Amino acid sequence: MSMVKAKKYLGQHFLTDRNIARKISLCLEAKDYSNVLEIGPGTGILTAYLLERGFENFKVIEIDNEAVEYLRAEYRSLDIIEGDFLQLDMDSTFDDRLGIIGNFPYNISSQIFFKVLEYRDKVSELTCMLQKEVADRLVSGPGSKVYGILSVLLQAYYDIELLFNVPAGVFSPPPKVQSAVIRLKRREEELVYYDEKLFFKVVKITFNQRRKIIKNSLKPLVDTSGLDNMILKKRPEQLGIDDFIELTRLVETILNRNNISKKNSHGQDN
Ligand code: SAH
């Protein structure tokens with residue numbers, strides 16, 4: 001392990017406790033898919049246990065070439081992608097659904113989740129270690145101060161469980177924060193139709209001004225004056241996933257109506 005020098009800018013904190021590594025590796029359920037990707041194997045403490053599970057198609061992606069060299073020497077048959085997970089084209093890398101696991105580089109954990117959301121129809125499961133503070137945010141609900149964009153977007157598609165906490169002392173070097181392991185499992189059913197692109201937009205635009213009532217923060221997108229819907233008078237942190245979906249459908253209806261009337265008035269002009 002001392003072979004690879006920990007680099008702060010890559011968020012490297014190597015786990016030193018093998019029991020915890022084993023425990024994390026077993027948290028990936030891998031029920032309905034045979035592709036598994038580990039993000040940031042580092043010196044391979046999780047990787048060794050993941051290899052033991054004998055997944056049909058197991059790959060790791062690591063950005064640090066020093067770690068890659070170490071892994072190549074240590075695990076000869078390991079399928080290593082040398083590169084940045086945030087740049088990875090998952091469609092050409094995996095032809096079917098996959099599970100992702102990793103002890104995340106904490107400095108990019110939010111970006112990793114946005115990337116997973118982008119590929120939400122491909123990523124069936126995600127088990128990861130991350131800052132406890134972020135884990136708490138992801139599982140929080142309406143009314144909580146830490147409830148935010150990623151909580152809503154991820155919970156709309158995934159069931160999220162906080163599995164256990166991990167103290168800073170079992171890493172080298174120890175991070176400044178406590179850690180936690182969470183598991184996200186993709187929900188199959190899409191009960192109602194809604195414009196998903198617009199849903200992302202509505203969640204982001206409202207939470208970017210979390211103190212404002214929805215009606216006001218939506219103004220750049222749509223004019224809701226004259227509408228008397230309770231949701232419009234609330235703040236984003238008061239809305240559950242279903243409320244956000246209802247809000248999206250409301251916005252969609254208004255946008256469609258505006259488009260139609262625009263078309264009609266053009267028709268009259270001509
Ligand atoms: N899994 C190891 C290392 C965790 S530290 C352990 O538990 O000990 C996080 C790892 O992610 C480091 O190895 C770091 O080099 C790697 N990493 C950082 N940014 C990355 C990125 N954008 N893509 C892939 N790997 C990355």
Side-chain angles (χ1 to χ4, degrees), residues 1-28 35-53 55 58-75 78-94 98-119 122-123 125-135 150 163-183:
M1 188 161 310
S2 56
M3 307 285 288
V4 177
K5 194 177 168 301
K7 300 163 193 75
K8 208 175 170 188
Y9 70 100
L10 290 178
Q12 291 182 344
H13 295 278
F14 299 117
L15 186 61
T16 55
D17 185 315
R18 292 195 182 277
N19 284 325
I20 296 177
R22 182 167 174 276
K23 193 169 163 191
I24 296 173
S25 75
L26 293 173
C27 288
L28 194 75
N35 298 310
V36 172
L37 176 69
E38 184 190 354
I39 302 177
T43 49
I45 186 162
L46 279 181
T47 320
Y49 292 107
L50 291 166
L51 282 169
E52 276 179 13
R53 292 191 57 184
F55 301 119
F58 174 54
K59 295 181 198 291
V60 304
I61 180 160
E62 174 56 65
I63 202 170
D64 177 17
N65 46 21
E66 197 188 344
V68 168
E69 252 173 56
Y70 177 88
L71 291 166
R72 284 210 173 110
E74 203 72 10
Y75 304 94
L78 184 62
D79 190 346
I80 305 173
I81 306 168
E82 185 170 357
D84 180 353
F85 171 72
L86 298 177
Q87 304 294 327
L88 181 69
D89 176 357
M90 278 201 265
D91 282 330
S92 62
T93 314
F94 294 101
L98 72 144
I100 295 179
I101 186 163
N103 171 9
F104 281 0
Y106 293 178
N107 52 341
I108 58 164
S109 53
S110 293
Q111 291 169 71
I112 295 177
F113 288 114
F114 280 112
K115 173 105 182 177
V116 166
L117 279 166
E118 198 185 313
Y119 287 94
K122 209 146 199 189
V123 181
E125 185 183 351
L126 171 68
T127 291
C128 62
M129 175 140 65
L130 73 175
Q131 305 96 304
K132 171 143 178 51
E133 190 195 316
V134 177
L150 271 177
L163 299 177
F164 53 92
N165 295 334
V166 180
V170 297
F171 296 88
S172 166
K176 289 205 177 72
V177 293
Q178 295 297 306
S179 300
V181 176
I182 60 169
R183 179 169 53 211

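Side chains are part of it too, since the values below use all heavy atoms of this structure and drop only hydrogens, waters and symmetry mates. Just so it is clear, the structure is predicted and the values come from calculations on it, not from any experiment. Starting from 1, each residue takes its place in the sequence as its number. Whatever order the structure lists ligands and atoms in, that order sets their numbers, starting from 1.
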Exercise. Near ligand 1, which residues have a heavy atom under 4.0 Å away from one of its atoms?
Worked result: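 Those residues closer than 4.0 Å to ligand 1 by some heavy atom are L10, G11, Q12, H13, F14, L15, E38, G40, P41, G42, I45, I61, E62, I63, D64, G83, D84, F85, N103, P105, I108.
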Exercise. If we ignore angles and hydrogens, is there a donor and acceptor under 3.5 Å between the side chains of D64 and Q12?
Worked result: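 Note: D64 and Q12 side chains meet the donor-acceptor criterion.
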Exercise. Can Q131 and S179 be counted as having a side-chain donor-acceptor contact under 3.5 angstrom?
Worked result: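 On atom types as modelled, these side chains do not qualify, holding no pair under 3.5 Å.
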For this session: Starting at CG of D84, measure out to NZ of K115 and round the result to the nearest 0.5 Å.
Result: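 So the gap between those two atoms works out to 8.0 Å.
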Exercise. What is the distance from atom CD1 of I81 to atom CD of Q87, rounded to the nearest 0.5 Å?
Worked result: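 Answer rounded to 0.5 Å: 13.5 Å.
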Exercise. Would you call R72-E62 a salt bridge at under 4.0 Å N-O?
Worked result: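 No, no charged N to carboxylate O under 4.0 Å.
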Exercise. With the threshold set at 4.0 Å, does a side-chain nitrogen-carboxylate oxygen contact exist between E66 and K7?
Worked result: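 Salt bridge: yes.
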